[in-house]
Amino acid sequence: MRSSQFLITTLKEAPADAEVISQKLMLRAGLIRRLASGVYTWTPMGLRTLRKVEGIVRDEMNRAGALEMLMPAVQPFELWQESGRGDQYGPELLRFKDRHQREFVIGPTHEEVVTDFVRKEIKSYRQLPLHLYQIQTKFRDEIRPRFGVMRGREFLMKDGYSFHTSFEDLQREYRVMFDTYHRIFTRLGLRFRAVAADTGSIGGTGSHEFHVLADSGEDDIAFCPDSDYAANVELAEALAPTTPRPAAGATMANVATPKKSRCEDVAEALNIPLSGLVKTLAIVPETAEGTNTGVVLLLLRGDHDLNEIKADKIEGIGAFRFAREEEVKETLGCIPGFIGPVGIKDGIRVIADRAVAVMADFACGANAYDTHLTGVNFGRDLPEPEVADIRNVVAGDPSPDGKGVLEIVRGIEVGHIFQLRTKYAEALGCTFLSEQGKAEVMEMGCYGIGVTRIVGSAIEQNHDDKGIAFPAAIAPFSVAIVPMGYHKSPAIQQAASELYEELIAAGFDVLLDDRNERPGVMFADMELIGIPQRLVIGEKGLAAGQIEVKGRRDTEASMIDRAGVVDYLRKSFAQ
RNA sequence: CGGCGUGUAGCGCAGCCUGGUAGCGCACUUGUCUGGGGGACAAGGGGUCGCAGGUUCGAAUCCUGUCACGCCGACCA
């Protein structure tokens with residue numbers, strides 16, 4: 001491609017509302033343009049990268065035996081009612097009516113559609129297993145779209161669905177996909193990690209997320225450097241401390257803590273470590289009927305954070321919200337900031353984190369304004385609480401597999417694989433006839449990859465002060481030819497064109513920058529866009545039969561023989 | 001959904017407090033020079049100041065409403 005025939009729309013300054021680096025660089029490099037909140041146009045330049053990502057995903061899916069298809073982006077809402085997800089999915093589901101007042105949604109995912117397809121087409125065990133996938137535009141009406149393409153509302157996703165006659169066969173396919181995903185992310189040139197994940201509302205058993213490691217990620221991943229353990233912190237178990245609770249030493253006492261309602265302030269005022277403090281969270285479980293079952297107190301160590309997903313899973317808690325100020329006042333007689341588990345009314349359920357359960361002589365709120373208690377002990381000053389794992393693991397916690405200590409890194413979720421089992425097949429009556437001629441419900445797996453998001457996360461991982469440094473596999477062009485004095489020198493024009501043709505013939509994606517721009521502009525643009533190799537043709541080099549080459553990540557350019565350019569590039573991309 | 005903030009040329013911003021013919025940089029157009037790191041000079045084009053209403057002789061500026069966008073917040077008790 002010649003620049004003069006292409007569209008290069010680079011910007012010197014990024015729009016002020018761009019937040020993360022990938023978003024700024026994608027905007028500046030002219031890869032995307034925002035049309036509405038969380039909705040982006042992909043420019044010709046940006047689309048080249050998107051298509052390359054797609055191509056690698058497609059290639060590996062096909063290689064693994066999955067069959068590509070294309071389902072509609074628009075789906076009848078009826079299907080969602082049939083699966084029972086219509087109500088559950090909530091406002092993220094973009095719904096609309098057609099001219100006949102029939103309800104439709106723009107698909108945020110396609111379990112229903114694919115299951116409907118399979119139940120109609122597949123009748124016999126002989127036709128199974130079957131793995132269907134598509135690369136489709138999805139729409140999720142996110143509360144807060146942000147980070148550009150990383151948390152957009154409209155995005156491109158590869159979603160695959162497998163159908164099996166048995167759980168064993170599902171598990172086999174799951175392992176195949178686990179390996180396939182490793183191949184895909186490796187080929188894309190990303191640093192990533194597969195982590196055990198919460199199965200969330202989708203249900204099912206086994207599940208892994210694939211995260212690209214980047215500080216701007218929205219997920220915390222706990223992993224053990226000494227073993228292969230890795231899990232989303234949502235899921236990572238905080239083991240119970242192995243050391244027993246020390247004996248009570250201090251007497252309980254009231255301490256004035258005027259206006260100190262934050263844990264940090266209280267700890268400082270009392271001159272104790274944050275970990276010597278117990279913070280009390282008042283929550284209200286919300287049952288399906290919406291009836292109020294009363295306030296429940298959760299106890300966490302001052303330096304720990306609540307894991308809401310773990311709390312959700314406790315018997316009798318389920319979905320919950322934090323108690324409103326009036327509710328706290330009514331139940332405990334005090335405002336949030338000074339509440340505690342001591343001396344509370346009978347019947348209030350108290351659940352302590354495992355780490356709290358082994359604390360002695362701790363401090364906590366006194367249920368009185370501007371007052372905290374010190375020297376508090378379970379069994380003496382208040383009843384022994386219920387104990388559960390309700391906190392997020394932190395760096396330094398023992399690994400749940402018993403093999404070392406956890407570290408925590410940030411990650412961007414770019415892939416997710418699930419063993420759905422029979423949830424949708426059952427709801428939608430997706431069955432097959434077994435060898436015995438009996439109708440059985442199919443076992444299902446589902447496997448997603450955020451194609452759009454991969455581009456953003458690749459940039460988060462690969463950039464410098466000059467711009468994007470794309471992995472070669474997904475750069476919009478692999479080689480840029482930058483001629484010096486192109487518009488003045490027929491010799492340069494000819495040499496550039498010859499080189500261009502030669503590289504195209506050799507199979508490279510070449511961009512010949514034949515714009516009538518000054519060299520600085522061309523260099524800056526090629527670097528901003530992130531083209532992996534740059535070739536400069538100048539009068540002097542030409543006379544000596546040489547070409548200047550510079551890799552995007554190299555600090556210095558070097559001269560090579562004109563005749564050896566193709567070999568040089570092949571070698572550089574083979575690495 | 002709550003709190004805060006911002007809407008002025010394609011992008012980045014000033015002007016608003018203290019009303020009086022709308023500005024700067026980049027980008028764009030034309031010309032000349034320049035030609036290895038976002039070049040110089042000259043001449044241009046482009047804005048119902050988010051929208052609606054109000055106050056006023058007069059509103060980008062003050063008031064009210066509204067829409068859009070952004071940030072923060074559900075937990076740090």
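Per chain, numbering begins at 1; letters A, B, ... match sequence-line order. Side chains are part of it too, since the values below use all heavy atoms of this structure and drop only hydrogens, waters and symmetry mates.
Nucleotides B:G10 and B:C17 have their C1' atoms positioned 30 Å apart, rounded to a whole Å. Nucleotides B:C28 and B:G37, compared at atom C1', are 23 Å apart to the nearest Å. Comparing B:A42 with B:C24, their P atoms sit 14 Å apart, to the nearest whole Å. For the P atoms, the distance linking B:G39 with B:C1 amounts to 47 Å, nearest Å. The separation of B:A27 from B:G70, taken at their P atoms, amounts to 28 Å, rounded to a whole angstrom.
Here A:L11 lies out of heavy-atom contact (under 4.0 Å) with every strand. Within 4.0 Å (heavy atoms only), A:A14 reaches sugar-phosphate atoms of the nucleic acid but no base atom.
Ion pairing between A:R453 and A:E460 fails under the 4.0 Å rule for side-chain N and carboxylate O. Under a 4.0 Å N-O distance rule, the pair A:D513/A:R2 does not qualify as a salt bridge.
Distance alone, capped at 3.5 Å, places no donor-acceptor pair between the A:D370 side chain and the A:A256 backbone. Between the side chain of A:N462 and the main chain of A:P471, no donor-acceptor pair closer than 3.5 Å is present.
Straight-line distance from the CZ atom of A:F147 to the C1' atom of B:C72: 12 Å, rounded to whole Å. In this structure, the CG atom of A:L35 is 13 Å from the C1' atom of B:A68, given to the nearest Å. Atom pair A:R28:CZ and B:G12:C1' shows a separation of 12 Å (rounding to whole Å applied). One atom, CD of A:E308, and another, P of B:G73, lie 14 Å apart when rounded to the nearest Å.
Between A:F508 and A:Y500, the distance from one ring center to the other does not fall under 6.0 angstrom. Taking the centre of each ring, A:F362 and A:F378 come in below the 6.0 Å mark.
The stretch residues 525-533 of chain A comes close to RNA chain B through A:D525, A:E527, each having a heavy atom under 4.0 Å from the strand.
Listed by chain and number, the residues in a side chain to side chain donor-acceptor pair (under 3.5 Å) with A:K138 are A:H110, A:D159 (sequence neighbours excluded).
Across all strands shown, B:C17 has no partner, as no Watson-Crick or G-U wobble contact with both distances under 3.5 Å is found. Pair assignment for B:C33: B:G39, on the basis of Watson-Crick or G-U wobble contacts that are both within less than 3.5 Å.
Of the candidate nucleotides B:C76, B:C13, B:C72, B:C76 has the atom lying nearest to any side-chain atom of A:D305.
In terms of phosphate contacts, A:S37 brings no side-chain nitrogen or oxygen within less than 4.0 Å of OP1 or OP2 of B:A68.
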Under 4.0 Å protein heavy-atom contact, by nucleotide of nucleotides 26-36 of chain B - B base, S sugar-phosphate only: SS------BBB

